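Take a look at the structure set out below.
Keep in mind the model is a prediction, meaning the values are calculated, not measured.
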Amino acid sequence: MIAFLIKRLFHALLVMFVISLISFAIQENLGDPIQQMVGQSVPESEREALREELGLNDPFFVQYLRFARNALQFDFGYSYVFHEPTTEVILRHLPATLELVAATTLLIVLFSVPIGVYSAIKPRAWLSRFFMSVSIIGISIPVFLTAIVLIQIFAIGVTFTSFPQDVAWGAWLNGLLSTEGGMPAYGRGPVEHVFGTWYTNFASFDALTYLVLPAFSLASIMLPLFIRLIRAEMLEVLQSDYIRFARAKGIAPRRIYFLHALKNTMLPVITVGGVQIGTLVAYTILTETVFQWPGMGLMFLDAIERSDIPLIVTYLMIVGLIFVITNTLVDLIYGLINPTVKLTGQPA
């Protein structure tokens with residue numbers, strides 16, 4: 001375990017070095033920082049003096065070493081827009097994004113596992129075919145379109161009048177397909193303070209309602225993928241010899257499905273899931289924009305529009321760090337679930 005942690009730490013540092021190098025290198029293509037710091041009326045001589053003072057005329061690697069030294073202390077400079085350290089801006093928006101990702105992950109787990117297992121146990125049932133058809137549609141629809149549809153149905157409301165209102169069955173169908181709306185679809189709502197810059201939506205029911213539509217919208221990206229992945233892995237495991245032997249011994253089907261088969265099914269799912277959870281942080285950009293959710297994704301787009309280069313670089317570094325931490329935790333969980341896997345890479 002110690003050898004694995006040391007190896008993973010080395011890999012993490014290497015990945016963060018590459019991310020920092022790329023993040024720092026793209027600064028030159030994001031605009032002129034002096035242009036963002038001073039007005040149009042400032043003469044070129046003062047601009048050049050400020051450029052020299054900030055070390056922008058230094059060679060690339062000199063500037064990068066200075067950036068890396070400060071980054072190790074989580075000092076990424078000051079935001080041009082907010083006029084405060086970029087880490088403070090990130091920490092103010094990070095809780096909203098993490099809570100949205102946490103709620104989305106919970107929805108994915110709650111729906112994908114039972115649906116995927118059921119579809120594998122009864123692959124020919126009409127309900128299984130329905131889930132597979134819907135999952136294909138879910139994979140094909142972009143997240144922003146799903147968000148807009150959810151807002152229309154559950155926030156604004158839909159009045160369905162295609163069936164005749166003067167007959168009972170028509171009025172019933174129109175009422176069944178119509179929605180009143182009313183769900184909150186803008187911002188975070190009445191959040192509660194936890195500590196520092198952390199405000200939570202999990203402290204009250206009213207605040208939780210603001211999470212529902214964004215979380216379902218974000219979950220629509222990964223939920224069909226996990227349903228199909230769990231179904232495929234479960235079908236393969238159910239064809240294994242040890243499952244046939246368990247059935248021959250007369251073990252209860254529920255015990256076979258949910259104790260023996262599901263445990264081995266979840267091994268590759270956890271590996272893929274760890275990577276996809278990190279990807280959700282990046283996908284929040286579109287979801288947060290549609291719902292005006294005040295997280296890092298909305299902040300990142302605002303920073304791009306205003307050419308806030310330090311804030312853009314800080315966002316890239318923080319998201320990269322989240323990916324690295326997530327992948328390391330996934331490897332650890334994988335080893336705990338399956339003790340036969342040697343984390344050091346040596347044969348069991």
Side-chain angles (χ1 to χ4, degrees), residues 8-9 11-31 64 67-68 70-82 84-105 108 142-144 147 188 196-199 214-215 217-219 221-222 225 271-331:
R8 287 297 299 169
L9 179 61
H11 289 167
L13 292 175
L14 182 61
V15 171
M16 290 306 302
F17 166 72
V18 174
I19 292 174
S20 66
L21 195 60
I22 295 174
S23 301
F24 182 78
I26 65 175
Q27 289 186 98
E28 297 182 358
N29 299 320
L30 294 177
Y64 172 73
F67 166 79
N70 294 333
L72 290 175
Q73 304 172 10
F74 278 86
D75 179 10
F76 298 95
Y78 276 73
S79 167
Y80 299 152
V81 176
F82 295 94
E84 58 182 312
T86 56
T87 50
E88 294 185 7
V89 180
I90 290 289
L91 289 175
R92 193 162 59 245
H93 293 83
L94 181 62
T97 296
L98 292 182
E99 289 199 349
L100 177 58
V101 171
T104 302
T105 304
I108 292 174
V143 62
F144 67 87
R188 294 188 71 186
T197 59
W198 195 288
Y199 289 81
S217 175
L218 189 57
I221 308 170
M222 302 297 176
L225 171 66
T271 303
V272 175
V275 178
Q276 296 302 327
I277 289 174
T279 306
L280 282 177
V281 177
Y283 274 116
T284 56
I285 294 177
L286 294 175
T287 305
E288 291 180 2
T289 301
V290 175
F291 291 96
Q292 288 297 291
W293 188 263
M296 291 200 306
L298 188 61
M299 177 215 69
F300 180 63
L301 284 183
D302 186 53
I304 292 177
E305 291 178 359
R306 303 188 184 192
S307 298
D308 195 341
I309 298 174
L311 192 55
I312 294 172
V313 173
T314 306
Y315 172 86
L316 295 175
M317 293 290 293
I318 296 299
V319 172
L321 182 62
I322 292 174
F323 269 98
V324 170
I325 293 175
T326 303
N327 290 339
T328 303
L329 291 176
V330 167
D331 288 340

Could you give the distance from [atom1] ([X]) to [atom2] ([Y]), rounded to the nearest 0.5 Å?
| X | Y | atom1 | atom2 | value |
| --- | --- | --- | --- | --- |
| Thr314 | Phe74 | OG1 | CZ | 10.5 Å |
| Ile322 | Leu280 | CD1 | CG | 11.5 Å |
| Leu98 | Leu100 | CG | CG | 9.5 Å |
| Met317 | Ile312 | CE | CD1 | 14.5 Å |
| Ile19 | Leu14 | CD1 | CG | 10.0 Å |

[X] side-chain N/O to [Y] backbone N/O, donor-acceptor pair under 3.5 Å:
| X | Y | value |
| --- | --- | --- |
| Asp75 | Gly77 | yes |
| Trp293 | Thr287 | no |
| Thr97 | Met296 | yes |
| Thr197 | Leu91 | yes |

Review point. Yes or no on side chain to side chain contact (heavy atoms under 4.5 Å, CB included) for Ile26 and Leu316, after CA distance, side-chain angles and deciding distance?
Key: CA-CA 11 Å; Ile26 65 175; Leu316 295 175; 3.6 Å; yes
Exercise for review: Kindly indicate, with the supporting measurements, whether the criterion side chain to side chain donor-acceptor pair (under 3.5 Å) is fulfilled by Ser20 and Tyr64.
Suggested key: CA-CA 9 Å; Ser20 66; Tyr64 172 73; 2.8 Å; yes
Exercise for review: Sequence neighbours left out, what passes ring-ring contact (aromatic ring centres under 6.0 Å, His included) with Phe323? Give chain and number order.
Suggested key: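 Listed in chain order: nothing, the list is empty.
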Check your understanding: Which atom names give the shortest non-hydrogen contact between Ala12 and Val324, and what distance separates them?
Key ->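 In this case the closest contact between Ala12 and Val324 is CB-CG1, 3.2 Å.
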Can you find a pair of side-chain heavy atoms, one from [X] and one from [Y], that are under 4.5 Å apart?
| X | Y | result |
| --- | --- | --- |
| Val89 | Val81 | no |
| Asp308 | Pro310 | yes |
| Glu288 | His93 | no |
| Ile90 | Phe76 | no |

Check your understanding: Hey, mind stepping through Leu311 and Phe82 against side chain to side chain contact (heavy atoms under 4.5 Å, CB included) and telling me if it holds?
Key -> CA-CA 9 Å; Leu311 192 55; Phe82 295 94; 3.8 Å; yes
Check your understanding: When you look at OH of Tyr199, are more than 12 heavy atoms from neighbouring residues, nucleotides or ligands closer to it than 6.0 Å?
Key ->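 Atom OH in Tyr199 is not packed in, count stays at 12 or less.
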Check your understanding: Among side-chain atoms of Trp198 and Glu99, is any donor-acceptor pair under 3.5 angstrom?
Key ->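 Checked: Trp198/Glu99 side chains pair up, N/O donor to acceptor below 3.5 Å.
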